[in-house]
Amino acid sequence: MNFQFKIICSFSLFLRILSIFELKMLIKKNIVGALYTIDGRRVIDIGYVFGKIANIRHKPFDCTFSDLVLTGERKIGWYSEFHFTCGVCKIKETVESEDPHKSSMQVNLAAVTGSINAGQGYSQLYILTAVLNMPNMSNCLYQKLHEKVYDFTNATAWESMSDNKYKTVQYKTVSKQFFDFERSED
């Protein structure tokens, strides 16, 4: 009798857990109706994305990334924002493919810079992304970033030339002092 009672209690607990799981799945499906599907490849900052995912926790239910449902994606060239909605508490989350506030070169600018430095242009970048099954940036965005690359390269070149001029003057001064010192010892 005691053994049968334990089986019945265990079975009712199992049904309760199963019904909670099914309820969560129904809630997730009802958020968006048909789930958003994503295809193709993306360039991501893996450390940033994993860190952002690991920090997702909603109070008071302790919802985590596993409770989120992908509801959409915003693509800006090679940069992506993935939009999620929590299946339990309905909180919306966004996970970017890279830190939008980082000080180093953003992925779109890096792609354009690499393309230019390789002697290529928009058409070759378009073909590359098509072969890689990645979303590409628009020609308009490419042209804006191309101008930024030009401005950045121009400023860097002038800065480098002025640094080299200063170093050349400094080198000539030190060399002259050294050679004058050697001559005075003779």
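Being a predicted model, the structure only gives us computed values, none of them experimental.
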> How long is the span from the OG atom in Ser97 to the CZ atom in Arg74, to the nearest 0.5 Å?
11.0 Å

> So do Pro135 and Arg42 actually touch side chain to side chain, heavy atoms under 4.5 Å?
yes

> Could you state the interatomic distance from CD (Glu98) to CH2 (Trp78), rounded to the nearest 0.5 Å?
11.5 Å

> What's the separation between atom CD1 in Ile44 and atom OH in Tyr79, rounded to the nearest 0.5 Å?
12.5 Å

> Ignoring hydrogens and angles, tell me if any N or O in the side chain of Gln124 forms a donor-acceptor pair with the backbone of Gly121 under 3.5 Å.
yes

> Going from OH on Tyr48 to CD1 on Ile53, what distance comes out if it is rounded to the nearest 0.5 angstrom?
10.5 Å

> State, to 0.1 Å, how close Met105 and Ala110 come at their nearest heavy-atom pair, and which atoms those are.
SD-CA, 3.4 Å

> Verify, without hydrogens or angle tests, whether Asp151 (side chain) and Lys148 (backbone) share a donor-acceptor contact under 3.5 angstrom.
no

> State whether the number of non-hydrogen atoms from other residues, nucleotides or ligands found under 6.0 Å of Lys92 atom NZ is greater than 12.
no

> For Phe84, which of Val69, Leu70, Asp67 qualifies under side chain to side chain contact (heavy atoms under 4.5 Å, CB included)?
Leu70

> Quick one: do Tyr150 and Met137 end up in the same hydrophobic cluster if we chain Ile, Leu, Val, Met, Phe, Trp and Tyr together by side-chain heavy atoms under 4.5 Å apart?
no

> Near Tyr122 OH, under 6.0 Å, is it more than 12 heavy atoms from other residues, nucleotides or ligands?
yes

> Would Val88 end up clustered with Ile91 when hydrophobic side chains under 4.5 Å apart are linked, directly or stepwise?
no

> Calculate, to the nearest 0.5 Å, the distance between atoms OG and OH belonging to Ser123 and Tyr142 respectively.
9.0 Å

> Is a donor on one side and an acceptor on the other found under 3.5 Å between the side chain of Asn108 and the backbone of Ile76?
yes

> Do the side chain of Glu93 and the main chain of Ile56 share a donor and acceptor less than 3.5 angstrom apart?
no

> Is there a path of hydrophobic side-chain contacts, each under 4.5 Å between heavy atoms of I/L/V/M/F/W/Y residues, joining Val49 to Ile38?
yes

> As an exercise, state the distance from OG1 of Thr94 to CZ of Phe82, rounded to the nearest 0.5 Å.
11.0 Å

> One pair to check against side-chain contact (heavy atoms from CB on, under 4.5 Å): Val131 and Leu128. What are the steps and the verdict?
CA-CA 5 Å; Val131 170; Leu128 175 68; 5.7 Å; no

> Identify whether Phe65 and Ile46 are in the same connected component of the hydrophobic contact network (ILVMFWY, side-chain heavy atoms under 4.5 Å).
yes

> Mark yes or no for whether Thr129, through its side chain, and Leu125, through its backbone, hold a donor-acceptor pair below 3.5 Å.
yes

